[in-house]
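Encoded as structure tokens, the structure appears first; notes follow it.
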Amino acid sequence: MLLSRPLKNLAQPLIRFLVVLVIVSGIVITVQASEPVSFAEIQDVLKNQCVKCHGPVTREGGLDLSRPVSILAGGDSGPVLIKGKLDESLIWERVVSGEMPPETPLDDEARQKLQHWLEAGALGLPDQVEPEDLIHWSFRKLKKTSKILTDVSAEGKLTSEDSNLNPLDQLLLPQLRAADLEFSPEADIPTLLRRVSLTLTGLPPTWDEQERFLKSQDPEVYSQIVEHYLNSPHYGERWGKFWLDAAGYADSNGYFNADTPRPLAYRYRDYVVRAFNQDKPFDQFVREQIAGDELSGFAEGKTVTPEMIELLEATHYLRNAQDGTDSSDGNPDELRTDRYSALEGTMQIVSTSLLGLTIQCAKCHSHKFEPITQDEYYQFQSFFYPAFNVEEWQKPATRVIEAALPNELAAWEERKQTEETEIALLEEDFRDWFRENRPRGEVLFYDDFEGSNLDLKTRWSDTAPDDDVPGSSLPIKIGEPDQSPSFYSQNGQLLIDATQAAAEDSWNSTQDVFEWAPENTGEWIQVTFDLVNDRLSPDATPALRIGYGIALHDYNDNSVVEGGNIVFEGALPGGGAAVYYDLPGTDSTPLKKVGNQEYQPGHNYGLRLTRLSADEVQVQHLVDGVPEGDQIELKPDQLPAGGFGFVYYNNRSFIVDNVLIEKSPSYSSDYDQLWKAFQDEETKRRTELDQQVKACQASIGEKPGQIAWVADYSGNAPDVHLLERGNHTTPGHTVTPAPFSVLREDTEFIEESSETEAPPFDVVAPNDQSTGRRTAWANWVTQPDSHAQSLMARVQVNRFWQHYFGKGIVATTDNLGMSGSPPSHPELLDYLAAYLVEHDWHVKELHRLILHSRAFKQSSLHNETTHLIDPANKLYWRFSRQRLNAEAVRDAMLQVAGVLDESMQGPYIPSIRTPSGETVVAETEPGARRRSIYLFQRRTQIPSMLQVFDAPKIVFNCTRRNVSTTPLQSLALMNSDFIRARSVELAKEVLERPAVESQIDFAFKRVYSREPSADEIELFRQFLDQQQALYTESESPLLQAWTDCCQMLLASSEFLYIQ
Amino acid sequence: MWNPISNYDQLTRRAFLGGSATGIGGLALAQLLQKQALATTVNEEGLPNETFFPAKAKNMICLFQHGGPSQMDLFDYKPALNKWHGKPYPGGDLEVHFDKQKGNVLGAPYQFAPQGECGMELSELLPHTGGIADEITLIRSMKTESVDHEAALRLIHSGKFLANMPVMGSWVVYALGTENENLPAYVVLSDPGGLPVDGERNWSSEWLPAVFQGTPFRSGPAAVSNLNTPEGIPFAARSKQLDLLKQLNERHLQQDPFNTELTARIQNFETAARMQLAVPEVLDISKETKETHELYGLNNPATAEYGKRCLLARRLIERGVRFVQLFLSGQPWDTHSKNAETLKGLCARTDQPSAALVTDLKRRGLLDETIVMWGGEFGRLPISQGADGRDHNRHAFSLWFAGGGFKSGYVHGATDEFGYSAVDNIVNVHDLHATLFSLFGINHHRLTLPHEGRQASLTDAEVTHAKIVPELLA
């Protein structure tokens, strides 16, 4: 180190030669004393100082020094080394000349290692390199399944007898035998029945299934079990959920704290469940999710078919990423950030769930650990950009298409009409009851307009109380019709004739003054009137508004009395009454509206004002006497004493009757009781009404045909820019669609520097509405016999394997790239992938293969000897016991309690957060006992029972769940309302059996799918006896004892694990 | 060779099965045990020897002050502010969040005076903090990277301003586990008034397993989910129930006697039962002396609520909880208007309890092993926003620490004449994280886990160049 640095700058050849000599002589000593240099040591040197430029991605000079095969393969200048020949090795020449590494030369120790390693024959490098070897293992093309088996046999690892075995077992055996191990014996049928049932459906076998299969003498019973559960609709619910996790499915938008719901996402969830149940070929499944819109032939106005709908639903896959843009605000830069986040999230989901590649590093710079350049990241982005154009963003709420089947829509509209009529009737009934039964207050004013018109003037006036100016620019005439009045009674009704009134504000008022702000908290005053008609004659135009005012005191804007003159204008479009403060005059201030219902003749309207506190008076809108809709709060000093009157302008003529002003009566215990009784009855009836209305609304259902989908904005692809450092404020050059270079099919791709222009990619637009880019990518990733398809198949089967055995053949299920783990059984992984492809991507065929393997069917029992050799069961000498996942824990409890609601599909079941912070589905919620997949999958509100058993919080997606064992789980099993409720349900069923033996037998079969042993019966007998004695106070000690007993069965390991 | 990816399962699995309240055994301990018992297999386990080293601190209490407390009104005396009050800011350009309400220099109305033997200058609003000046390290030269609350919160909690990274408490608990198997290792004492801004993300473990996230203790009897035995099950019946369960589980274990998961599950029921007693016990402050109640200000309505949580923090730490965090509802220190008035109220609420915590820890001999942190996500501007507010400032803010290996009576760094920008001994958030980790005996370069194709860590030093600040250490 001391020598090389100063001498490096002296360029004379002689001196350089001297350096070599010095170093060589130095090494001789070291070498004699040391062990041969291992490849690992050399790799450290190369990694630290060479791989930055000569890595799998950068490949400067076509050279990759990161792996043994690529080192041996050399670069553009030919082989980089000749084993055992230092002087002929290019790498040594460049190092010694000081040319490489260009900035910091290797220190003495590193040089010595390199020299010794080269001289000793470059330990750790293979003898020769096939072109395919240069490719990372997961990017290689799959061989045929037959070839994989032949190759393994050719290595002499299998005997001729082995060829009768399930191929998966053949591929596991060599490693087992190398460790002197064998598979465990097959598990018995009861164990397998439960194992298959839980694995395929996430539910334990039902009573009937146990009866059917456990009593069968058929030697083929296992095959029957397999087929039975593969054909169960519950299969799609479990295996669909695995895919939904990988696809990042959630029922909420995430990103911001608001985490707003995605009410239509469920259609994608249901699509996935159906696809698994139908055994839709997986490659087709992928194409539909990436480009279903383009493949469907759907266009607005075209007749919709069920097939089209299916394909449109599938595209929601690309919308599973978090997307906060419905709620985002801020400057254009911030908006862009939020939009890019949604697009980048989508890319991340696609790359990890389909290709097992982590690409997001390449957003900012070429990936350090994967052969993906920054250019390629944006080339990949350009496939999706036409549907996620950041400059013309569509928010989630607007990405909805209407595509209903013709008859579906008609049926819905009919249903809607029927149910809405029903709702109207129910509400009317309630109002009738309310009006008739409401205890009256103290009547302050009442006019039924039965008297003469002369009489009218004693109660009504054209000026407000204490005002000397009439409430109109034109005098309001009160009196006989033949005197052209604007306010008169006829047939016991009050007619308000606006044709005679001024164009602007005109009003009348009661002669009487009322206190509109009740004095004490809880007291109220209310005014109501019947709206007889909204026109004076059948051929007249209806009044646009029904206006009335309270606290009327002065027409003059400069009045000394503050506040008052509050006008309500009913019959708004959208319902309720607009409220204006301090009319008439130019300074009228609109307040918020009250009420929601539209004004209809034949109903009673009005207001109730209730004192809430020292400085608040609540104003409620009354329809047929019942408070409804929006309310406002006013301050008492805004409500001075004043009259009540009607307000009417041109074209606002209407007929009213029965103007009634009441206030809360002064206290009396009789009235108090009457009022309380009425309120109790009202609450009861209102709850009933709400339930009935809810049921009607539920039976209407969502308008059919609403699909949250993805589609390109147009057939013209926008420019897609590479973003320098991943920052959208610094866009770089434009890019065009191209596949990742490592997965290209052109033969020389591996030699090609990834910086060069991407090869043209075949993109055909399906119509003028779409670019066809996503179809092109979908076809590329599923193209038969390609690198991309091979990788995609490996990623999928690896995850499937994980769902069977608790771990993937590659442990990093989201990452099969260079930075992922290596496969524990490479041939097995390839066999499974090739098998899936060869069976036209029918996942159920793959299930059959696995389900019939010894690896799956073998016992999970402990073996003392074997355990010492392979405690972690890495070699699959037994079936590894696995805890049920969160959904299965909950669903299985519902099933064994006999209360599982098996209905499928539809909008999510809402959950609530309790005051104590738990997220639960209320037991009274319709659908509360449905499978967990149908519960609200809100990112920030995961049901506590699921979360404690490791249900993931979906950020991007989840290809592998943690399995934790915590005391919080124990607390949930000991104390949660959910498990207690299930225990009671099960106990009640147990007690329907006659004798204690049959009760215990029933409980064991239900919960464990097996018969109890003799000593277990004894254990339970004793427990039940002792426990009953502790509940002597209880109504049913036996039920209590059995509930406790059932709860412990549900909390026990045997229930919670697949054995 | 250290192959992080293949170790993920082993590490987390090990960490899950400790039979503690959160199921956390702690990596550091596991590693030490491994080294002693199986010295030759250390490499196979993949744990480098250097990840952990002897620690000064065992625990941490973070008194987090949402909103960005005004450094120049509380901790960083700037006479220039009053001199220039009401005049245009003479110091050049300022980065302003609410541009349209930008005003002139806003004076700092409260008096500053030297406190303690060290002479640290503090505002008159912090008399009690003044009383512990000789115990604390005050950093006046903090800088962060965003003036957006959420982004700055994520940065100080998780080291990244984008969401989805585990917070520091989760990393610490992941690394060190817990010392009380009957209580969660990471407890959040949230404000009864409501969640702070950015909600549960403030204590989320994100992609680290959920056992490493903060467990909020609610007020009232149901402090932890499912803590209470259902009504109607007498104690004797519950005991019998658990006996039955144990028998069922032990029979089942016969099939797989070396399965640590099954064993842990059996132990966890016992732990859970103990936890049902331990949690109410720790929350019961009735046996604390009158003097202690008064120290924390429990007798005064202004300080009682915050004081109770500070006292609970001490009780939790005393019982071996690793990480305790206090939050305030919303973001009260966000003084966009009525800066001076608001600060007065907030200090009246937090000053005494915060100082009491340090005093109490010290007299109980717990301060040496416990880091106390006081501060928010960023600072405020020397100019006014509107009439009397101060806007966000990422270029300077102040934090204080006590105990756990921090220097005492020490002021670190300085800002410019107006307190706008840290100029001397600048400490960024990543440096702060590196320093805190070092006190816990954690090498911030080494505590990494594979995530999204790379090695993720709290400091991500390769990118952020985070480094320990040795001057802060005693």
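A note on names: the letters A, B, ... follow the listed sequences, proteins ahead of strands, and every chain is numbered from 1.
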Can you tell me how far [atom2] of [Y] sits from [atom1] of [X], rounded to the nearest 0.5 angstrom?
| X | Y | atom1 | atom2 | result |
| --- | --- | --- | --- | --- |
| A/Tyr1057 | B/His252 | OH | NE2 | 8.5 Å |
| B/Gln241 | A/Ser983 | CD | OG | 8.0 Å |
| A/Leu1030 | B/Lys240 | CG | NZ | 7.5 Å |
| A/Ser970 | B/Gln267 | OG | CD | 10.5 Å |
| A/Ser1052 | B/Arg251 | OG | CZ | 12.0 Å |

Of all of [options], which one pairs up most often with chain B through heavy atoms under 4.5 Å apart?
| options | answer |
| --- | --- |
| A/Glu1033, A/Glu864, A/Arg878 | A/Arg878 |
| A/Gln1022, A/Lys953, A/Arg961 | A/Lys953 |
| A/Gln1047, A/Gln322, A/Gln1040 | A/Gln1047 |
| A/Met818, A/Met1048, A/Gln1059 | A/Met1048 |

Quiz item: Among all residues two or more places apart in sequence or in another chain, which pass the ring pair (Phe, Tyr, Trp, His ring centres under 6.0 Å) test with A/Tyr1031?
Solution: none
When you compare the side chain of [Y] with that of [X], does any pair of heavy atoms fall below 4.5 Å?
| X | Y | answer |
| --- | --- | --- |
| A/Arg883 | B/Arg265 | yes |
| A/Gln969 | B/Asn268 | no |
| B/Phe258 | A/Leu868 | no |
| B/Leu244 | A/Gln1027 | no |
| B/Asp243 | A/Phe1023 | no |
| B/Arg238 | A/Met974 | yes |
| B/Val224 | A/Leu968 | yes |

Of the backbone (N, CA, C, O) and the side chain (C-beta and beyond), which part of [X] lies under 4.5 Å from a heavy atom of chain A, both, or neither?
| X | value |
| --- | --- |
| B/Gln276 | side chain |
| B/Asn259 | side chain |
| B/Glu270 | neither |

Side chain from CB out, backbone as N, CA, C, O: work out which of these in [X] comes under 4.5 Å of a heavy atom of chain B, or both, or neither.
| X | answer |
| --- | --- |
| A/Phe978 | neither |
| A/Leu1056 | side chain |
| A/Cys1045 | both |
| A/Asp259 | neither |
| A/Ser944 | neither |

Self-check item: Closest non-hydrogen atom pair between A/Pro967 and B/Ala272, with its separation
Solution: O-CB, 3.8 Å
Quiz item: So, for A/Asp1044 and B/Ala237, which heavy atoms are closest and what is the spacing to 0.1 Å?
Solution: OD2-CB, 4.1 Å
Quiz prompt | Residue from B/Thr229, B/Asn228, B/Ile233 passing side chain to side chain contact (heavy atoms under 4.5 Å, CB included) with A/Asn975 | solution = B/Thr229
Self-check item: Non-neighbouring partners of A/Ser1053 that pass side-chain hydrogen bond (donor to acceptor under 3.5 Å, both in side chains), sequence neighbours left out
Solution: B/Asn249
Exercise. Would you please test B/Glu261 and A/Arg881 for side-chain contact (heavy atoms from CB on, under 4.5 Å) and show each step?
Key: CA-CA 10 Å; B/Glu261 210 174 295; A/Arg881 202 175 299 271; over 6 Å; no
